Amino acid sequence: MTQPQAPTPPPRCKWPFVVLGILVLFIILVLSTNGGGGTVTTLPVATSTGAVAAGASTDSGNGSQVATFGQRFTWPDGLAVTASKPQPFNPSSSAADNTRGRAVLITTTVTNGTTQPYMLNPFIIGPRATQAGQEAPQIFDSAKNVSVFPATTLLPGKSYTFKTAFSVGQAVGELQLEYSEDTFGSPAIFTGQG
């Protein structure tokens with residue numbers, strides 16, 4: 001006669017452990033990429049008298065630093081960005097999103113001062129702009145190769161320069177540009193008249 005077998009216990013659910021593991025990894029990722037602001041370096045800027053003007057920086061209160069056009073912002077890992085002073089821009093007839101009174105052109109240089117390759121993605125790095133308290137739409141002008149650049153890998157020690165145009169109000173006002181190193185990090189903010 002065969003002995004009756006004890007019923008097999010139901011399998012243990014592993015989902016709570018998987019969800020907990022993903023949550024812990026997400027928290028670690030957020031804490032490691034949101035480590036604080038960067039530093040602002042004043043680059044030499046020639047004035048009309050030939051002297052070198054010095055700029056100042058202040059903390060914006062959200063962990064980011066505020067720089068003026070022409071200065072260099074460096075994140076803690078060594079990635080740096082510089083935004084030029086706004087220049088007048090005349091979009092071509094095929095340009096898109098020139099919806100306000102005039103246009104300005106910004107030249108941005110990103111320098112990889114880290115020890116790792118950096119994926120330079122235009123949708124993450126920016127810049128995003130406001131002028132005189134209103135959104136300043138980015139102008140896409142492929143005829144003049146403005147605001148159009150592909151995602152590219154920036155090797156350590158290398159720089160990449162690109163041009164971005166924005167549609168701004170007819171009157172000159174404060175122009176603010178915001179750059180992001182990654183999705184979760186503190187932004188680099190540049191301000192000045194534009």
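All values derive from a computational prediction rather than experimental measurement. Values reported hereafter were calculated over all heavy atoms of this structure, with side chains retained and with hydrogens, waters and symmetry mates removed.
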Quick test of your reading: applying ring-ring contact (aromatic ring centres under 6.0 Å, His included), list the pairs with at least one residue in residues 132-159, sequence neighbours left out, ordered by first then second residue.
Phe149-Tyr160, Phe149-Phe162
Mind checking what makes side chain to side chain contact (heavy atoms under 4.5 Å, CB included) contact with [X], not counting sequence neighbours?
X      : result
Asn121 : Phe123, Ile124
Ser159 : Thr109, Thr111
Thr115 : none
Thr114 : Asp77, Leu79, Asn112, Gln116

Test your reading of the model: is there a side-chain donor-acceptor pair from Gln131 to the backbone of Gly194, 3.5 Å cut-off?
yes
Is there a side-chain contact between [X] and [Y], using heavy atoms and a 4.5 Å cut-off?
X      : Y      : answer
Arg102 : Val172 : yes
Ile139 : Val146 : no
Thr191 : Leu175 : no
Phe166 : Ile106 : yes
Tyr118 : Thr153 : no
Ile189 : Leu177 : no
Thr82  : Thr108 : no
Asp141 : Ser147 : no

Looking only at side chains, do Lys144 and Ser92 share a donor and an acceptor under 3.5 Å apart?
no
Test item: side-chain donor near acceptor, Gln134 and Arg100, under 3.5 Å:
yes
If every non-hydrogen atom of [X] is compared with every non-hydrogen atom of [Y], which pair is closest and at what distance?
X      : Y      : value
Trp75  : Ala188 : CZ2-CB, 3.8 Å
Ser180 : Pro187 : OG-CB, 4.4 Å
Pro86  : Gln193 : CG-O, 3.7 Å
Thr68  : Gln71  : N-OE1, 2.7 Å

Distance col, row Phe89:CZ vs Ser167:OG, nearest 0.5 angstrom, shows 11.0 Å
Nearest 0.5 angstrom please: Glu181 CD to Ile125 CD1, how far?
7.5 Å
Single-linkage hydrophobic cluster, 4.5 Å side-chain cutoff, Leu105 and Val110 together:
no
So, using ring pair (Phe, Tyr, Trp, His ring centres under 6.0 Å) as the criterion, who are the partners of Tyr179 when residues are at least two apart?
Phe190
